[in-house]
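Written below as structure tokens is the structure these notes are about.
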Amino acid sequence: MNDLADTLAALDRTAGDAAYMADGIACLQQGLNLDDPADLDTYRRLLRRLYTAGRFDLPLARLFEGHIDALQIIARYGEADTAARLHAAARDGAQFGVWNAPLAGEGLTLDNQRLDGGKAFASGAGLISHALVSAEIAGQTRKQLLVVDLNDTPPTIDTQWWQVLGMQRSHTHLVRWHNAPLTEADALIGQPGDYEREPWLSAGALRFVAVHAGGIAGVFDGVRRHLVARERERDPHQAARLGRLFGLADSAAAMVERTAARLYETEADCHPALVANARSSVLDMGEQALTLAQQCVGLSAFFETEPLCAHMADLMVYLRQPAPDAQRVKAGAAAAAGTIALSL
């Protein structure tokens with residue numbers, strides 16, 4: 001394990017999810033530039049941090065990825081003094097997230113400086129301190145971004161909805177505000193429609209693909225520990241499966257690394273398709289890795305007392321990102337048009 005992984009392993013999980021996640025995010029962001037990466041080396045450092053987090057703890061990695069996403073958007077579109085204030089808050093221990101998924105029939109609106117409506121899939125609800133949300137504004141066809149200080153403008157949280165097999169500890173809930181007035185701690189970010197701007201919206205997904213790749217590496221780690229502890233690693237069938245699992249984990253990491261490099265080698269209009277290809281490829285590798293892990297470990301993989309069981313369940317859920325078929329279509333269309341091309 002590297003130094004960061006050792007530090008994460010030393011975090012106190014008995015303190016409760018809120019304290020544990022806050023400590024984990026603070027640990028993971030230490031020394032990082034919270035703006036958009038200016039060069040490939042900076043980008044690689046961020047992706048490796050996300051990979052390490054996913055290899056160690058996928059719910060923590062999910063919240064850390066949202067934290068970084070929010071802070072990058074704030075730096076990209078926010079006014080300089082607002083971005084400086086919010087980034088300083090993050091370095092002082094504030095935790096951020098992006099809540100964009102609409103709540104069916106209760107879309108979030110901003111009218112006369114008051115919030116009404118809600119969001120679905122609000123990861124970190126009840127844990128994080130600031131949410132970057134998108135809200136409808138009268139007279140606008142595109143949504144406005146704003147940062148909500150959840151201590152000053154708290155939503156009601158429906159915690160009963162998030163009844164899933166894995167990723168329970170990401171606290172991904174439904175949230176609602178009811179005619180809630182904004183405070184001085186809340187802040188508008190950018191102009192209506194900024195959140196949807198490309199290539200950042202699509203290309204930014206490489207952050208969670210790095211987490212997925214780390215999650216696949218975590219599956220390999222768990223299977224290897226299981227086989228070695230039971231002295232089954234010398235069985236030729238198990239060795240063959242473990243070799244295939246290593247290859248999948250290694251290929252997923254290489255896909256993230258390769259795609260990151262290509263984002264700095266190509267024009268911006270290529271980036272959404274390149275990341276769509278990485279998303280699809282790592283998704284396939286993750287599903288294959290989960291099947292292999294179950295073949296290696298057998299029934300033990302399904303005992304809730306086994307750490308590998310929780311990690312596999314978390315990865316199964318986290319791999320389910322929106323519109324996977326659309327990503328394959330995007331990559332295929334770009335390949336057919338010659339917008340993206342093969343190289344070594």
Side-chain angles (χ1 to χ4, degrees), residues 15-30 32 34-36 59-60 62-103 106-137 140 143-159 162 170-192 194-195:
D17 284 344
Y20 167 77
M21 295 296 184
D23 289 346
I25 289 171
C27 173
L28 287 162
Q29 78 170 8
Q30 189 171 3
L32 284 180
L34 302 179
D35 297 342
D36 285 319
L60 171 60
R62 168 68 192 96
L63 297 192
F64 176 60
E65 191 276 325
H67 177 77
I68 293 297
D69 187 15
L71 292 170
Q72 288 184 347
I73 291 171
I74 290 166
R76 190 182 311 137
Y77 300 124
E79 295 182 359
D81 58 344
T82 299
R85 172 174 65 84
L86 294 172
H87 278 212
R91 292 190 178 92
D92 286 341
Q95 306 90 40
F96 288 72
V98 179
W99 295 350
N100 182 59
L103 184 57
E106 301 179 58
L108 187 63
T109 62
L110 177 62
D111 186 29
N112 291 324
Q113 297 297 297
R114 289 178 176 270
L115 283 175
D116 201 78
K119 291 291 181 181
F121 294 98
S123 291
L127 303 184
I128 65 174
S129 60
H130 295 72
L132 180 69
V133 302
S134 54
E136 297 177 3
I137 298 179
Q140 293 284 349
K143 294 180 181 180
Q144 172 68 51
L145 288 170
L146 67 150
V147 172
V148 181
D149 186 316
L150 301 173
N151 294 312
D152 287 356
T153 313
T156 59
I157 302 173
D158 178 358
T159 62
W162 190 235
S170 69
H171 290 255
T172 301
H173 302 310
L174 306 179
V175 298
R176 295 176 175 87
W177 287 269
H178 299 285
N179 198 31
L182 298 185
T183 71
E184 292 183 357
D186 306 318
L188 297 182
I189 302 296
Q191 302 299 317
D194 278 345
Y195 181 77

Quick check: does any side chain N or O of [X] sit under 3.5 Å from a backbone N or O of [Y], one acting as donor and the other as acceptor?
| X | Y | result |
| --- | --- | --- |
| Glu136 | Gln144 | no |
| Gln95 | Gly93 | yes |
| Asp194 | Gln191 | yes |
| His173 | Trp162 | no |
| Trp177 | Thr153 | yes |

Can you measure from [atom1] ([X]) to [atom2] ([Y]) and round to the nearest 0.5 angstrom?
| X | Y | atom1 | atom2 | result |
| --- | --- | --- | --- | --- |
| Leu86 | Asp81 | CG | CG | 9.5 Å |
| Tyr20 | Ile25 | OH | CD1 | 10.5 Å |
| Leu71 | Leu32 | CG | CG | 10.5 Å |
| Leu188 | Thr82 | CG | OG1 | 9.0 Å |
| Thr172 | Arg62 | OG1 | CZ | 6.0 Å |
| Ile128 | Met21 | CD1 | CE | 11.5 Å |

If every non-hydrogen atom of [X] is compared with every non-hydrogen atom of [Y], which pair is closest and at what distance?
| X | Y | answer |
| --- | --- | --- |
| Thr156 | His178 | OG1-NE2, 4.1 Å |
| Ala101 | Lys119 | O-CD, 3.2 Å |
| His171 | Asp17 | NE2-OD2, 2.8 Å |
| Pro102 | Ala120 | O-CB, 3.6 Å |
| Gly97 | Ala70 | O-CB, 3.9 Å |
| Trp99 | Gly124 | CZ2-C, 4.4 Å |

Side chains of [X] and [Y]: does their closest heavy-atom pair fall under 4.5 Å?
| X | Y | value |
| --- | --- | --- |
| His67 | Leu63 | no |
| Glu184 | Asp152 | no |
| Leu108 | Ser134 | no |
| Leu34 | Ile68 | yes |
| Val98 | Tyr195 | yes |

Out of Leu182, Ile189, Leu132, which one pairs with Leu146 under the side chain to side chain contact (heavy atoms under 4.5 Å, CB included) rule? Leu182

For Leu115, the option from Val148, Asn179, Asp186 that meets side chain to side chain contact (heavy atoms under 4.5 Å, CB included):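 By the side chain to side chain contact (heavy atoms under 4.5 Å, CB included) criterion, Leu115 pairs with just one of Val148, Asn179, Asp186: Val148.
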
Angle between ring planes, Phe96 versus His130, binned at 30° and 60°: parallel, tilted or perpendicular? parallel

Step through the shown structure and confirm whether more than 12 heavy atoms of other residues, nucleotides or ligands are within 6.0 Å of OH on Tyr77. yes

Steps toward side chain to side chain donor-acceptor pair (under 3.5 Å) verdict (Asp116, Thr109): CA-CA 5 Å; Asp116 201 78; Thr109 62; 5.0 Å; no

